[in-house]
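So the structure is just underneath, and the comments pick up after that.
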Amino acid sequence: MEAPRSLAITAGLLIVVILISLFSYLSITSRIESVEQSVSSVQEDISEVKQRISGIEQEIKGIKEAAGGETTTPVTETEVKTETVVVEKVTLTVIGPWSGKEQEYFMTVLEKFMEENPNVTIKYVPMRAEEVARTLSVQFEAGVTPADVVITPWAWWIVEMAQKGHVVEVTGLINEDEYVGGILDNVKWNNKLWGVPFTMWLKPGFWYKKSFFAKHGLSEPNSWEEFLQLLDQIKGIEGIKNPIVSGDSVGWPLSDVTEHFIIAFGGPELQYKLITGEVSFTDPQVVEIFEKLAMLIEQGYFSEPIEWTSAVEKWWAEEYALYFMGTWITGMVEDPNDLAFFPLPGARGVVGGTDYAFIPKYTENLEAAKLLLQYLATDGQAVHVSTPAGKVPTWLGVSVDQLWPPMQGVFAKIKELNMTIVPDLDDTVGGDWQVLFWDQLKLLWVQPDRLSEVLETLASQHPASAGG
């Protein structure tokens, strides 16, 4: 009886094993089916997400098309990171030489920049070039800066600060082939670029009101003799204090008219030689030119120096007939269409000057400052010359028809006269001598009989002279 019993037990155990295996199989099959359903559900979710992304892309494309923008692949996160943009919101402080109306015209440039770069806010502080050089030089030595970008006509000072390690090098920030020839040389040192040019002003001659000339039967002179005759005619007009008003501030308006005499009678070449010191101010040729100027002062053809902006108002009110000034005067009068100018007969050159922008080494907003510098050197110029600022571009990317209409005529006349653009004498020499030049001319204007003393001082103190 043992054998059948043993077989029965074995058979029972086998059935139990089979049942356990069957239940395990059914459980695993059920779990597999559950996983498959989950996977299927996830795939459906993924498909739905893809459809939503596709819908969003189509919406973006439609918005771009409606705005006139590009309809290419939407910008991805990676592409945004590679764009040249200022990521964080910053406030830049900019120091520049403009105030009054000139500041209004420059603010147009800054406002356009902020419109295109909403993450940058700009605070503008007006400061004259001489104050910038005096104040910032001390602050730079202390390792601090009151501004992120500084604009000044004194390129020589920018180079001096660069040599002392206070300026950020900007070589490669702009395409140097796109600028008026030689305009970048003034802010280069050690074959590197330390600043960028903004717009240029010109100092082409004596400005007058067309209506005033027409009313009194006056015409532009074609010779030195005709110029003297014109001054005599004007002197005889009732209500005229002096034929020519002399502007003043710290002295630069007097230097402008003086340099025009140098260029008219000595040519652009003499201006260059006086800058370098190759020719002295006591040279007979220079003395002869200054004697012409001193004679006009002695005979009352020039007024005594008065503050240059109030001189504009008095001249426009016809207390004076002529005013030697730069092209910015076109934006300072009531009717620029009633404005015209003439150079001294025979003048073959016109002084041109540029404001340069640079970045102090101590700025905490370097990338934003570079972005602004790039703009001022390019598209910002197109904005500036379209205003009544009376400026012309140094960037060749701006066409003549983008200039403010009254300046288009001025620029055309300068080209018609074939006048060479010559660097400003005192701005180029710079330093203490520039201030000396202004002071000596103030002396000449009130005491023209001291001409010899004035010229001797200028010659002996020139940086290129033995005593300078």
Side-chain angles (χ1 to χ4, degrees), residues 90-98 122-174 176 179 182-198 200 250-252 255 275-277 353-377 394 423-439 461-468:
V90 297
T91 296
L92 292 179
T93 299
V94 175
I95 287 177
W98 306 286
I122 297 177
K123 176 187 175 184
Y124 175 72
V125 180
M127 191 179 292
R128 290 195 319 232
E130 54 272 21
E131 186 181 352
V132 166
R134 182 176 61 253
T135 307
L136 270 63
S137 296
V138 176
Q139 291 175 309
F140 289 171
E141 289 296 334
V144 296
T145 177
D148 302 285
V149 171
V150 180
I151 306 170
T152 174
W154 289 3
W156 62 268
W157 182 74
I158 296 176
V159 170
E160 184 178 297
M161 292 299 99
Q163 291 170 338
K164 292 182 178 181
H166 301 314
V167 179
V168 174
E169 182 195 346
V170 291
T171 307
L173 190 65
I174 58 174
E176 297 186 18
Y179 292 83
I183 206 74
L184 298 176
D185 294 345
N186 293 335
V187 280
K188 280 192 171 183
W189 166 66
N190 204 18
N191 204 32
K192 296 177 181 178
L193 194 64
W194 301 95
V196 299
F198 191 44
M200 174 185 286
V250 293
W252 61 262
S255 71
I275 289 172
T276 61
T354 305
D355 291 296
Y356 293 93
F358 75 95
I359 304 172
K361 177 183 176 181
Y362 313 104
T363 177
E364 295 180 354
N365 303 302
L366 182 58
E367 293 308 313
K370 283 184 176 181
L371 195 65
L372 178 57
L373 235 66
Q374 221 169 23
Y375 178 78
L376 292 174
T394 59
D424 192 293
L425 191 158
D426 55 291
D427 276 353
T428 306
V429 176
D432 294 337
W433 189 88
Q434 182 175 38
V435 178
L436 175 73
F437 187 50
W438 295 341
D439 289 343
Q461 298 301 313
H462 192 286
S465 70

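The analysis underlying the following values was restricted to heavy atoms, covering all of them including side chains, and did not include hydrogens, waters or symmetry mates. Each residue takes its place number in the sequence, starting with 1.
Between atom CD of residue Glu130 and atom OG1 of residue Thr152 there is a gap of 9.0 Å, rounded to the nearest 0.5 Å. Atom CG of Leu92 is separated from atom OG1 of Thr363 by 7.0 Å, given to the nearest 0.5 angstrom. In this structure, OG1 on Thr394 lies 9.0 Å from CZ on Phe198, to the nearest 0.5 angstrom. Here the straight-line distance linking atom CZ of Arg128 with atom CZ of Arg134 works out to 7.5 Å at 0.5 Å rounding. Interatomic distance, CD of Glu160 versus CH2 of Trp194, reported as 14.0 Å (0.5 Å rounding). Here NZ of Lys370 is found 13.5 Å from CG of Asp148. Values are rounded to the nearest 0.5 Å.
Here the options are Asp439, Asp427, Asp424, the test is side-chain hydrogen bond (donor to acceptor under 3.5 Å, both in side chains), and the partner is Gln434; only Asp427 passes. Screening Asp355, Asn186, Thr354 for a side chain to side chain contact (heavy atoms under 4.5 Å, CB included) involving Pro197 leaves a single residue, Thr354. Between Val150 and the options Leu136, Val125, Thr93, a side chain to side chain contact (heavy atoms under 4.5 Å, CB included) holds for only Leu136.
Side-chain atoms of Gln374 come within 3.5 Å of backbone atoms of Leu173 as a donor-acceptor pair (strictly under, hydrogens ignored). Under the 3.5 Å distance criterion, the side-chain polar atoms of His166 are left unmatched by any main-chain donor or acceptor of Ile158.
Heavy atoms only, all atoms of each residue included: Ala133 and Trp154 are closest at CB-CZ3, 3.7 Å. Minimum heavy-atom separation, Val429 to Ile275: CG2-O, 3.7 Å. Residues Tyr179 and Ala377 approach most closely at OH-O, 2.8 Å, considering heavy atoms. Closest heavy-atom contact between Pro153 and Ala129: CD-CB, 3.9 Å. The heavy-atom pair separating Gly195 from Val170 by the smallest distance is N-CG2, 3.6 Å. Of all non-hydrogen atoms in Trp156 and Gly430, the two that sit nearest each other are NE1-CA, 3.3 Å.
Ring geometry for Tyr362 against Phe140 counts as tilted: the plane angle lies between 30° and 60°, on a 0 to 90° scale.
With a 4.5 Å cut-off on side-chain heavy atoms, Tyr375 and Val196 do not count as touching. Side-chain contact check for Met161 versus Lys361: every heavy-atom pair is 4.5 Å or farther apart.
In this structure, a donor-acceptor pair under 3.5 Å is present between the side chains of Asp426 and Trp438.
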For Gln163 and Val159: C-alpha separation, side-chain torsions, deciding distance, then whether side chain to side chain contact (heavy atoms under 4.5 Å, CB included) applies. CA-CA 6 Å; Gln163 291 170 338; Val159 170; 3.8 Å; yes
Leu193 and Ile174: side chain to side chain contact (heavy atoms under 4.5 Å, CB included), yes or no, with the steps? CA-CA 10 Å; Leu193 194 64; Ile174 58 174; 4.1 Å; yes
Give the C-alpha distance, both sets of side-chain angles, the deciding distance and a yes or no for side chain to side chain contact (heavy atoms under 4.5 Å, CB included) between Ile151 and Val94. CA-CA 8 Å; Ile151 306 170; Val94 175; 4.0 Å; yes
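Aromatic rings from Trp157 and Phe358 are positioned such that their centres are separated by under 6.0 Å.
Glu141 CD: more than 12 foreign heavy atoms inside a 6.0 Å radius.
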